[in-house]
Amino acid sequence: MRIGVFVCHCGTNIAGTVDSKGIAARAAELKDVVHTEDLIYTCSEPGQAAIEKAIREKDLTRVVVAACSPHMHEVTFRRCVDRAGLNPYLYEMANIREHCSWIHDDYEQGTEKAYEIIKMAVAKVRQLEPLYSNEVDVNKDVLVIGGGVAGIQTALDLADAGLKVTIVERETTIGGTMARLDKTFPTIDCSACILTPRMVDAAQHENIEILAYSEIDRVQGYVGNFTVDIRKKAAMVDWTKCIGCEICVQKCPAKAPDVFNVGLAETKAIYIPFPQAVPKRAAIQVEHCRWFTQGKCRVCERVCPADAVDYEQKDEYLQRQYGAIVTATGLDVFPWEEYYHEYGSGHIPDVISGLQYERMLNASGPTNGHVVRPSTMGIKGKEPEEPKTVVFIQCVGSRDESVGRPYCSSVCCMYTAKQSILTKSHVGMDTEIYVFYIDIRATGKGYEEFVKRAQTEFGVKYVRGRVSKLYEDNGKVMVRGMDTLLGKQVEIAADLVVLASGITAADGSVQLAQKLNISYDEFGFYKESHPKLRPVETNTAGIFLAGACQSPKDIPTAVAQASGTAAKVLGLLAKDKLKTSPQIAIVDQNRCVSCWKCIEVCPFSAPEKQELRDGTEKSHIIETVCQGCGICVATCPVNCIELKGFTTDQLIDQLEEALLS
Amino acid sequence: MAQATATAEAPGAASTGGTREVKVIGIVCNWCSYAGADGAGTARLKQPVNMRLVRVPCTGRIDPLLAIKAFEKGADGVLISGCHPGDCHYSEGNYYARRKFELLDRMLPHLGVEADRFHYTWVSASEGARWQSVVTDFVTKVKALGPRQGRAL
């Protein structure tokens, strides 16, 4: 056996705390090590060339690279070893950066620990065997979860490239958050005018199927071959018959809160969220329907010209196969009422959220685009009042550790600037507008100029400081805050206060992540494989991210990421076959006692009963199905299963080496 | 905690004696805790030098005998960490692990290994700060006990 050890400096990232040169020299004393070398940047072209050269010239049969995390460069060096003609699985990485140089200050201690980590890797590499990949067929259909602007973009890109795409959307229409917006910054484009044609494109595309009012029940399988159970929720309306005429909505006598309009208005128990809904189909909210709650009514059934209402409808279950899955589940608005008691907890009618205000500004919204004080709405014989003084408060549920939201929601500065401009154009230039802010973050193209426009052209007054209290007094909302630039308390009597409520992960994001086996952060946003280099992939092969499910994003960023995701999916599915990892479990059938415990515990149904020539049945692991978790290995009562690349001998040798010194 | 650290660092003052630095083995799953430890490194979150990590695909892969083997070979502490329940990359490997390690946790004192020398927990890929505190707390506890005497269990 001829082992080569390559120790990286990573500039000063490693060499700053670890004597890379010294430990490379010391490693030469280890058993079977015939070549050692320290390299400034091992992952660089000359670094990799040096490894290849050494493998060829020194006839190396095993390679240890002591550098960063295998999550960073395991694949890089595996390819490098492969190029030099050595089996790519005869190599092991020693992580002396993330797990050593970056977490220790003491040079001597860091160096000693790094050397031990290298010794552990050498002990393991000695035990490694050549492994060979298999190939599996790839299903080329794609599932997109979520039909907001990101999901629609990914679906259209993929469908245009010729792939079959299913969009699963839990609401009755696609469109997501963008469908609820009035205008978009910084161009003040009409949001619906940009989005709804894309929604229609998706619905009419021959390669796209939209399953609205549906949820993901279960996901099984692996990259290239996912099996997904989808639940089509009962709308109590037969959507193959419904023509979206809305007669049922007009005639329905039961009122229900209007979720699409964020509670600013009421809708009916049978409803279509907005006029441009896609698909434009009615659904009954059974908890508000008189037939379901009181056992009488059936008005919608009587008036429906298409005979589409079906009170007996049940949830429908579908099972589909996909090669890749894109999550584009979007966002929810931070539920500020539960946290900001100093802002009235939602009990002051003239204090509303940014999204509510957005609906109010919208011509098809609850006030037909008129800006009014909610406290004056719905009073008989009286026109609602327009506000004369409007106060916007930034960072409500963003950059606020006291409510568990330390992150910036990235869109609120801009949508506040937009809403302040729109207020002036809806109500009049003489409207007094104040914006309380911490910092203005306007980093996108044309964003800073847009905020400047609000301040100069429209005369919006920006006050740097937080608002400490909102309270009602004499028909006004009193805004008490601090102007930190002037260093004094301010109090403004406002007619309307709009809170720039931040972005949270969509409700149910964690539950979906658990079905998909993907990682998420403490806020429920999905974790990308690498923040810089693999921003649209998850750590679960074949599952990708698009839009705000990964982190708060504005529309241009979400759309750009969605197209990036589509490109990644196309890259994956351009192949007819996928190489599978050879680091999988294997059964020693001579020792198998046919207890079938492995079959019981395997999450992937990889072990099967195999009949041998003598008629006995033994466990056999289907190589292309095994995902290499090793649960069966630790379960087998006679230790007859091994996990290639992580065998018991390899792990014990690694442990032992760590404990020898 | 400060007191415990002080005790551990005073040579010979630890309960079971000895002056060598304690050695702690961590066996972690690839997808959550190894990545969480990477995250701690990337964020330069300082940790005690006593930890040596062994990477496995899933905590479900870890035979309890591996932990016992580590003690037999002279480990002063063994830490096992994986994905939070419900978040396993392989759906349910950590549930199998939890059953095994819950039993091992109770069995080790009968084999002469103090309870504080073994700990199993969950650290996700985004919990670098949690990894730092898990390692720091565990090493502090093991230091308080001092090096284990003798190699046999």
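Here is the naming used below: chain letters follow the sequence lines, and residue numbers restart at 1 for every chain.
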Proximity breakdown for [X] and chain A, heavy-atom pairs closer than 4.5 Å:
X	result
B:Leu53	both
B:Tyr90	both
B:Ala43	neither
B:Tyr34	both
B:Pro48	backbone
B:Ile62	backbone

Any side-chain heavy-atom pair from B:Trp31 and A:Thr540 closer than 4.5 angstrom?
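B:Trp31 vs A:Thr540: side chains apart.
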
In terms of heavy-atom pairs under 4.5 Å, which option from B:Ile27, B:Thr42, B:Asp63 contacts chain A the most?
B:Thr42

Greatest number of heavy atom pairs closer than 4.5 Å to chain A - which of B:Gln132, B:Lys100, B:His84, B:Met51
B:Lys100

Is it the backbone or the side chain of [X] that comes under 4.5 Å from a heavy atom of chain B, or both, or neither?
X	value
A:Phe604	side chain
A:Lys527	side chain
A:Met72	neither
A:Val601	both
A:Asp106	neither

At their closest point, which heavy atom of [X] faces which heavy atom of [Y], and how far apart are they?
X	Y	answer
A:Leu643	B:Pro57	CD2-CG, 3.5 Å
B:Leu66	A:Leu655	O-CD1, 3.7 Å
B:Gly93	A:Ile631	CA-CD1, 3.3 Å
B:Ser126	A:Asp521	OG-CA, 3.4 Å
B:Arg61	A:Ala634	O-CB, 3.5 Å
A:His104	B:Lys46	O-NZ, 4.0 Å

Among [options], which has the most heavy-atom pairs under 4.5 Å with chain B?
options	value
A:Ala585, A:Gly628, A:Ser519	A:Gly628
A:Ser101, A:Pro70, A:Gly110	A:Pro70
A:Lys515, A:Gln109, A:Gln511, A:Gln583	A:Gln109

For atom CD of B:Glu102, decide whether the heavy atoms of other residues, nucleotides or ligands shown that lie under 6.0 angstrom number more than 12.
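Count over threshold, so yes.
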
More than 12 heavy atoms of other residues, nucleotides or ligands under 6.0 Å from NZ of A:Lys644: is that the case?
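More than 12 within 6.0 Å, yes.
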
Between [atom1] of [X] and [atom2] of [Y], what distance do you get to the nearest 0.5 Å?
X	Y	atom1	atom2	result
A:His99	B:Arg52	NE2	CZ	12.5 Å
A:Ile652	B:Glu72	CD1	CD	8.5 Å
B:Glu127	A:Glu522	CD	CD	7.5 Å
A:Glu98	B:Leu45	CD	CG	12.5 Å
B:Ser91	A:Gln627	OG	CD	10.0 Å
A:Lys124	B:Arg55	NZ	CZ	6.5 Å

Between A:Asn539 and B:Asn30, a side-chain donor and acceptor under 3.5 Å
no

Taking B:Lys23 as the fixed residue, which of A:Glu116, A:Glu112, A:Glu657 is the one that meets the salt bridge (charged side-chain N to carboxylate O under 4.0 Å, His left out) rule?
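Of the listed residues A:Glu116, A:Glu112, A:Glu657, the salt bridge (charged side-chain N to carboxylate O under 4.0 Å, His left out) partner of B:Lys23 is A:Glu116.
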
